[in-house]
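In what follows, chains carry the letters A, B, and so on, assigned in the order in which the sequence lines appear, proteins first and then strands, with residues in each chain numbered from 1.
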Protein chains: 2
Amino acid sequence: MKNQRLEAIKDIITHTKVGSQDEILMHLNERGFTLTQATLSRDLKQMKIAKVPNDQGGYIYTLPFVSSRDTYILKENKSTSVTEITIEFSGSLAVLKTKPGYAGGIASDIDSGAPEEIIGTIAGDDTILLIPKEGVTRSRIIETLSIIIPNIKIV
Amino acid sequence: MKNQRLEAIKDIITHTKVGSQDEILMHLNERGFTLTQATLSRDLKQMKIAKVPNDQGGYIYTLPFVSSRDTYILKENKSTSVTEITIEFSGSLAVLKTKPGYAGGIASDIDSGAPEEIIGTIAGDDTILLIPKEGVTRSRIIETLSIIIPNIKIV
DNA sequence: ACCATGAAAGTATAAATATGCAACATATAT
DNA sequence: ATATATGTTGCATATTTATACTTTCATGGT
């Protein structure tokens, strides 16, 4: 019930330009959800959705940090294996495969979570190219990534 | 005058955890700026600073989109080097880190500017993987890139 | 079955934020 | 020099958003 609403909110946020909670509320009503602004405010807080100034001189609600979105999905959706993530090495590089659309978010989690081990990442839609620092072993990388991605699978 | 204030705001935002405009206002007062909440609200809007929910169950003001910040810096601060770009080598590859969103643009600058030295580039959002031609030395690459990116920093 | 516990949501309101308007300053043009 | 435009700010207030408090509902334990 609530989860469906959260999904709807995310959908509204990402597909339409909304500048106030009342606007979001109206969209939710159209979709058959009845709730008050108070509840919406709490939902937005939980999903870390924020109202940010935009270029057109107004404000717009957005999911500002990908990592936040991931946290949210992971939290709400424990049962399904959102994070079937695999890693495979090739030479000095590693390639991670994720669910479609998740590469960017996870890559930035890695970027911020393993700065000692990696030089950088490049993310497509479902693939992450991971460039380790020179001298960092594969096992060290796996060790560190396991903290960021607990159920990572080595291919 | 106003610019100094904007700088101070940015500094406060990035270095301390503030959760309301009144808090920011107090910090500004300590630094000798006198202004009202109304003005601060306008400043924040201009700089696209937003209040976003954080992990600790509260809210925090941040510069949510780096691109916005860059726009702002470009506007306010033309002279300074917006593009802090670093390069690091790993094996036969090089990885450049740029400000988020700039990788594509810079990569194509490199593509067109150093065809003798590189095979190609792959750009993510803030990372460029640079594949040099066989036999090209690291110093040669740096030499060439320095022409394209004058203030590139070697890690 | 009964109670405790906790999540979820509404109500009312506090708190926080945005903005219309007027005043003033500074620049630009006539 | 005067007029016109442009930008910045405070004041007051409207609007918007967050939350304390309460009720309800579901769940698990005894």
Side-chain angles (χ1 to χ4, degrees), chain A residues 1-10 12-13 16-64 68 71-79, chain B residues 1-10 12-13 16-29 31-65 68 71-72 74-78:
Chain A
M1 185 96 297
K2 185 186 174 186
N3 273 22
Q4 286 176 319
R5 190 182 66 224
L6 296 184
E7 282 302 316
I9 291 170
K10 192 165 53 141
I12 291 164
I13 297 303
T16 67
K17 313 270 181 212
V18 281
S20 76
Q21 296 186 2
D22 280 340
E23 273 186 75
I24 300 172
L25 224 41
M26 286 165 60
H27 285 279
L28 284 169
N29 285 339
E30 281 175 18
R31 295 181 184 214
F33 295 95
T34 63
L35 69 161
T36 59
Q37 175 268 324
T39 301
L40 178 58
S41 173
R42 291 188 268 252
D43 286 352
L44 295 175
K45 184 176 185 176
Q46 184 182 344
M47 292 192 284
K48 300 207 173 69
I49 290 170
K51 185 174 75 166
V52 301
N54 69 3
D55 294 325
Q56 287 72 47
Y59 296 85
I60 187 169
Y61 276 82
T62 38
L63 289 154
S68 317
T71 312
Y72 153 64
I73 291 167
L74 283 168
K75 217 181 300 173
E76 298 300 328
N77 223 343
K78 302 179 196 76
S79 55
Chain B
M1 185 95 303
K2 184 185 174 186
N3 273 22
Q4 287 174 318
R5 190 181 65 224
L6 296 184
E7 283 302 316
I9 291 170
K10 191 166 52 139
I12 291 164
I13 297 302
T16 67
K17 312 271 178 209
V18 280
S20 77
Q21 295 186 4
D22 280 340
E23 274 186 72
I24 299 171
L25 223 44
M26 285 164 60
H27 285 279
L28 285 169
N29 285 339
R31 294 181 184 216
F33 296 94
T34 64
L35 70 161
T36 60
Q37 174 269 325
T39 300
L40 177 57
S41 173
R42 293 180 188 115
D43 287 351
L44 295 176
K45 184 175 185 176
Q46 184 183 343
M47 292 191 283
K48 299 207 174 67
I49 289 171
K51 184 175 73 166
V52 301
N54 69 2
D55 294 324
Q56 287 73 48
Y59 295 85
I60 186 169
Y61 274 82
T62 38
L63 290 153
F65 299 120
S68 318
T71 313
Y72 154 65
L74 282 166
K75 221 179 296 170
E76 300 298 330
N77 217 346
K78 301 178 194 72

Where the side chain of A/Ser41 meets the backbone of A/Gln37, is there a donor-acceptor pair that is under 3.5 Å apart? no
Taking [atom1] from [X] and [atom2] from [N], how many angstroms apart are they, rounded to a whole number?
X       : N      : atom1 : atom2 : answer
A/Ile49 : D/dA18 : CD1   : P     : 11 Å
A/Leu25 : D/dT16 : CG    : P     : 12 Å
B/Ile60 : D/dA18 : CD1   : P     : 15 Å
B/Tyr59 : D/dT16 : OH    : P     : 17 Å
B/Gln4  : D/dT8  : CD    : C1'   : 15 Å
B/Leu40 : D/dT9  : CG    : P     : 11 Å
B/Leu44 : D/dT9  : CG    : P     : 13 Å
A/Ile24 : D/dT15 : CD1   : P     : 19 Å

How large an angle, rounded to 10°, do the end axes of the helix from C/dA1-D/dT30 to C/dT30-D/dA1 enclose when each is built from five base pairs? 30°
Closest heavy-atom contact between [X] and [Y]?
X       : Y       : result
A/Ala8  : A/Leu28 : CB-CD2, 3.9 Å
A/Tyr61 : A/Leu44 : CE2-CD1, 3.7 Å
B/Tyr59 : A/Lys45 : OH-CD, 3.1 Å

Between [atom1] on residue [X] and [atom2] on residue [Y], distance to nearest 0.5 Å:
X       : Y       : atom1 : atom2 : result
B/Asp43 : B/Arg5  : CG    : CZ    : 4.0 Å
B/Lys51 : B/Gln21 : NZ    : CD    : 8.0 Å
B/Lys2  : B/Thr39 : NZ    : OG1   : 9.0 Å
A/Leu25 : A/Thr36 : CG    : OG1   : 7.5 Å

Any side-chain N or O of A/Tyr61 under 4.0 Å from OP1/OP2 of D/dT17? yes
Any side-chain N or O of A/Ser41 less than 4.0 Å from the OP1 or OP2 oxygen of D/dT17? no
Are any of the side-chain heavy atoms of [X] and [Y] separated by less than 4.5 Å?
X       : Y       : result
B/Lys10 : B/Ile49 : no
B/Leu40 : B/Ile9  : yes
A/Arg31 : A/Ile12 : yes
A/Thr16 : A/Glu23 : no

Which is the 5'-most and which the 3'-most nucleotide of DNA chain C that has an atom under 4.0 Å from a heavy atom of chain A? C/dA8 to C/dT19
Relative to the 5' end of DNA chain D, which residue comes earlier, B/Lys51 or B/Asp43, by the nucleotide with the nearest heavy atom? B/Asp43
Residue mapping more 5' on DNA chain D - nearest nucleotide basis, A/Ser20 or B/Arg5: B/Arg5
When you measure from every atom of DNA chain C, which of residues 26-39 of chain A have a heavy atom less than 4.0 Å away? A/Thr34, A/Leu35, A/Thr36, A/Ala38, A/Thr39
